[in-house]
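Down below is the structure, laid out as C-alpha cells.
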Amino acid sequence: MSRKYWLMKSEPGSFSFDDLRASPGATTCWEGVRNYQSRNFMRDDMKKGDRVLFYHSSCEEPGVVGIAEVSRDAYPDPTAWDPKSRYYDPKSSPDVPVWFMVDITCREPFKRAVTLQALKDAPELSAMKVVQKGQRLSVQPVTQEEFDRVCEMGMKG
DNA sequence: GCCAACGTTGGC
DNA sequence: GCCAACGTTGGC
C-alpha cells in the first residue's frame with residue numbers, strides 16, 4: 001500500500017508548527033476535528049507513514065510551514081466526551097466514538113514558508129483544495145506531485 | 001472586524 | 001426530504 005499525502009490546517013495562535021517541534025517526541029495528537037469529511041479522511045484513509053503539509057491558517061501570513069508525518073493510525077478523540085473540553089460533543093462516547101484523531105510527528109520545517117499566495121501563483125497547484133474559494137476542510141488530500149512541488153518551494157534557499 | 005462560503009440543525 | 005436559520009471557517 002503506497003504512502004499518501006495530506007494537508008492539515010492549524011491556527012498558529014492555538015497550535016503552531018513550532019509547538020509541534022517543541023512537543024514531547026515532536027509528536028502531538030490531532031484532537032478537535034469536528035467535521036465529518038475531515039474525520040473520514042483521518043479515520044479511513046490516513047495511515048502511519050503518510051506525509052503531511054502543515055498549514056497555518058487564520059494568521060498574518062497563511063501558508064505551509066513544514067512537513068510532518070502521520071505517526072499513529074486513527075483512534076477515538078477523547079476530548080469529545082470530556083464535558084470540560086472545548087471540543088466536547090455529547091454525540092460521542094467511549095462506547096460509540098464519533099470523532100477520531102491521528103498522531104503526527106514533525107519531520108522538517110521549511111526554510112521558507114510557502115504562502116497561500118505562492119500556492120495560488122503556481123499554476124501546477126491550482127487543483128489543490130486549499131487554493132479554492134470556500135474550501136474549508138481542515139484535513140485534505142494532496143497528490144504526490146503537489147506535495148513534492150510544495151516541498152521544493154519550501155526548501156529552496 | 002467584515003463577510004462569503006459552507007456545514008449542521010431542526011421545524012415542518 | 002426541504003430549506004431557513006444559525007454557527008464556523010478563514011482570507012482579507
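Since the structure is predicted, the reported quantities are computational estimates derived from the model, not experimental observations. So you know, we letter chains A, B, ... as the sequences are listed, proteins then strands, and number each from 1.
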Without placing hydrogens or testing angles, list every side-chain donor-acceptor pair under 3.5 Å for residues 55-65 of chain A, not counting sequence neighbours.
residue	atom	partner	partner atom	Å
A:H56	NE2	A:F17	N	3.1

Partners passing ring-ring contact (aromatic ring centres under 6.0 Å, His included) against A:Y5 (at least two apart in sequence or in another chain): A:F147

Contacting residues from residues 80-97 of chain A, given that a heavy atom lies under 4.0 angstrom of DNA chain B: A:K91

Strictly under 3.5 Å: I want the nitrogen or oxygen pairs between protein and nucleotides 5-12 of chain C, one per line.
residue	atom	partner	partner atom	Å
C:dT8	O2	A:R136	NH1	2.6
C:dG10	OP1	A:K9	NZ	2.7
C:dG10	OP1	A:R136	O	2.7
C:dG11	OP1	A:Y55	OH	2.7
C:dG11	OP2	A:S58	N	2.9
C:dC12	OP1	A:K120	NZ	2.8

Output a table of donor-acceptor pairs, distance under 3.5 Å, between side-chain atoms of residues 100-107 of chain A and any protein atom two or more places apart or on a different chain; print 'none' if there are none.
residue	atom	partner	partner atom	Å
A:D103	OD1	A:Y75	OH	2.5
A:T105	OG1	A:T27	OG1	2.7
A:T105	OG1	A:S71	OG	2.7
A:R107	NH1	A:E69	OE1	2.7

Restricting to pairs with a member in [range], which pass salt bridge (charged side-chain N to carboxylate O under 4.0 Å, His left out), not counting sequence neighbours?
range                       : result
residues 11-34 of chain A   : A:D18-A:R21, A:R34-A:D77
residues 117-146 of chain A : A:E124-A:R149
residues 80-94 of chain A   : A:D89-A:K91

Taking the hydrophobic residues Ile, Leu, Val, Met, Phe, Trp and Tyr, and joining any pair whose side-chain heavy atoms are under 4.5 Å apart, which ones share a cluster with A:V98? A:Y36, A:W99

